[in-house]
There are 2 protein chains.
Amino acid sequence: MSESPRGRSIGRSIGRSLGRTPKHTPESPAGRAELPAEPTQASRFGKARTAQSGALMEDYVELISDLIGTGGEARPTDIARRLGVSHPTAIKTIARLKREGLAVAKPYRGVFLTEAGEFLAERVRTRHRIVVDLLLAVGVPAEAAEQDAEGLEHHVSDATLAAFGRFLRRAQ
Amino acid sequence: MSESPRGRSIGRSIGRSLGRTPKHTPESPAGRAELPAEPTQASRFGKARTAQSGALMEDYVELISDLIGTGGEARPTDIARRLGVSHPTAIKTIARLKREGLAVAKPYRGVFLTEAGEFLAERVRTRHRIVVDLLLAVGVPAEAAEQDAEGLEHHVSDATLAAFGRFLRRAQ
DNA sequence: CACAGTATGTAGCCTAGGCTACATTTTCAA
DNA sequence: TTGAAAATGTAGCCTAGGCTACATACTGTG
Ligand SMILES: [Mn+2]
Ligand SMILES: [Mn+2]
Ligand SMILES: [Mn+2]
Ligand SMILES: [Mn+2]
């Protein structure tokens, strides 16, 4: 240390000016471009957070749909095992699915998707496949593609998905 | 209530067998492929969760590095504004950065990155750029590319990033 | 037909990451 | 030089998503 990075006089160690932002003198509200220059970035982070918050719901409905499609039923224990979480965790998340109108379930009777749930599941399944296909198409090794797609899919917007589709069609 | 949800003859509505899993008779641990068929999927979900948990740290160090690079300092308020969160939220996350050895900060003195923090920031910055470039290269509209990259980047593994790099070089 | 064993559900705890309200410190302009 | 405004920090609350430990319900045998 002893870099003495002083703004004006602040002694040793870290530390810098902290000079207030220009503070546009109150008498001159004119001029300037107004916007703090980065209203965009904040909204991008915000949207990324929103996308992430829906990720768990998406993985659940996709998995439930798969389980029902292959074995005819989706039981909490199976869901938990496939997701790699404890069964109480799965049960609590299933409760949230119900709360949000994506699934229905009665105690000891297994989990089923509502129409909204099925619809979401189908979209998610399609998107997942396209993401994997795109990764493979640009040369990502199979296992990495499968692994990364599980997280990537939830951040692929409709516009991006459409572009992926066009790219895949173009490249056969 | 009064649904009489019985195990075998469950009448109408939702409801299904819930037949216990085969329960491999204890005397015959032989045969079979052993593995429950999907140990992979659980690990994929687990890794995606892990990747996500590091996302916030990554965005913070990248942003702090940018702020210092352009304005010479990274103040909690600026960080909060750029991320679109309240300043207490930013301060609490900065505390976690310190805890994890990625940043140092003294009250009212701004935030600085440790060597580990700078290193991570550089990796994250590079990865972010490559992800955006790849999206653009496959035909994703600019704004969607910028938006989606903010979430996607955190789920791109080294193997996938390398493949992206090769693809970009190949396609110029 | 009982009962052991599995699946399911509940309670209670933890951390990360959000927020608002309020307190304190620093800076800048009068 | 001083005091108002801005930045920073603290306290306390909330939800999502994890977990373990324990309680309850089912079901297929013996
Ligand atoms: Mn997923
Ligand atoms: Mn998926
Ligand atoms: Mn990001
Ligand atoms: Mn980024």
Side-chain angles (χ1 to χ4, degrees), chain A residues 7-10 15-28 36 42 45-46 48-60 67 73-81 83-100 105-111, chain B residues 3-10 15-27 42 45-46 48-50 52-60 73-81 83-100 105-111:
Chain A
R8 186 168 33 276
S9 63
I10 307 163
R16 270 207 74 304
S17 77
L18 273 230
R20 289 296 88 80
T21 99
K23 176 122 144 294
H24 15 116
T25 50
E27 334 78 19
S28 70
F45 282 119
R49 280 193 298 272
T50 299
Q52 186 54 41
S53 94
L56 198 67
M57 298 292 97
E58 295 182 344
D59 283 335
Y60 269 75
L67 287 172
E73 62 184 4
R75 297 180 302 167
T77 299
D78 294 333
I79 296 170
R81 184 161 32 82
L83 287 167
V85 299
S86 69
H87 81 268
T89 294
I91 287 175
K92 239 201 303 190
T93 305
I94 290 165
R96 192 180 153 204
L97 287 176
K98 294 202 279 187
R99 231 187 307 141
E100 300 192 5
K106 295 196 148 176
Y108 297 93
R109 230 67 289 168
V111 184
Chain B
E3 270 292 0
S4 89
R6 293 142 339 95
R8 184 162 47 274
S9 61
I10 309 161
R16 272 206 70 310
S17 78
L18 273 229
R20 289 296 87 81
T21 99
K23 175 123 141 296
H24 15 115
T25 51
E27 334 79 20
F45 281 118
R49 280 194 297 272
T50 300
Q52 185 55 41
S53 93
L56 197 67
M57 296 294 96
E58 294 183 344
D59 283 335
Y60 268 75
E73 62 183 4
R75 297 179 302 166
T77 299
D78 293 333
I79 295 170
R81 184 162 31 82
L83 287 167
V85 299
S86 69
H87 82 268
T89 294
I91 287 174
K92 241 203 301 190
T93 304
I94 291 165
R96 191 180 154 203
L97 287 175
K98 293 202 280 186
R99 230 187 306 141
E100 302 193 3
K106 296 195 145 174
Y108 297 94
R109 228 74 284 175
V111 184

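Naming: A, B, ... by sequence-line order, numbering from 1 per chain.
Of all nucleotides listed (C/dA7, D/dT10, C/dG9), C/dG9 comes nearest to the side chain of A/H87.
Note on A/S86: a side-chain N or O is less than 4.0 Å away from OP1 or OP2 of D/dC19. Phosphate proximity of D/dT8 to B/R81: absent, as no side-chain N or O sits under 4.0 Å from OP1 or OP2.
One interatomic measurement links the two molecules: CD1 of B/I79 to C1' of D/dT8, which rounds to 12 Å at whole-angstrom precision. Nucleotide C/dT27 holds its C1' atom 13 Å from the CD atom of B/E73, rounded to whole Å. Going from atom CZ of A/R75 over to atom P of C/dG9 covers 12 Å, rounded to whole Å. Residue B/I94 contributes atom CD1, which lies 9 Å from atom P of D/dT8 at whole-angstrom precision. Atom OH of B/Y108 is separated from atom P of D/dA6 by 15 Å (rounded to the nearest Å). Atom OH in A/Y60 sits about 10 Å away from atom C1' in D/dG18, given to the nearest Å. In this entry the distance linking CG of B/D78 with C1' of D/dA7 reads 10 Å, nearest Å. D/dT20 atom C1' lies 14 Å from atom CD1 of A/I91, rounded to whole Å.
Residues passing the side-chain contact (heavy atoms from CB on, under 4.5 Å) test with B/L56 are B/Y60, B/T93, sequence neighbours excluded. Among residues two or more places apart in sequence or in another chain, the side-chain hydrogen bond (donor to acceptor under 3.5 Å, both in side chains) test is passed with B/E58 by B/R127, B/H154. Evaluation of the side-chain contact (heavy atoms from CB on, under 4.5 Å) rule for B/A80 yields B/V85, B/H87, B/A90 as partners, not counting sequence neighbours. B/S86 meets the side-chain hydrogen bond (donor to acceptor under 3.5 Å, both in side chains) test with B/T89; sequence neighbours excluded.
Map A/P88 and B/P107 each onto its nearest nucleotide of DNA chain D; the residue landing nearer the 5' end is B/P107.
The CD1 atom of A/I94 lies 4.0 Å from the CD1 atom of A/I79; values are rounded to the nearest 0.5 Å.
The heavy-atom pair separating B/A105 from B/K98 by the smallest distance is O-NZ, 3.3 Å. Counting all heavy atoms, side chain and backbone alike, A/R81 lies closest to B/A42 at O-CB, 3.6 Å.
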Within the sub-3.5 Å range, which N or O atoms of nucleotides 15-17 of chain D have a protein N or O partner, and how far apart are they?
unit_1	atom_1	unit_2	atom_2	d
D/dA16	O3'	A/R96	NH1	3.4
D/dG17	OP1	A/R96	NH1	3.1
D/dG17	OP2	A/R96	NH1	2.1

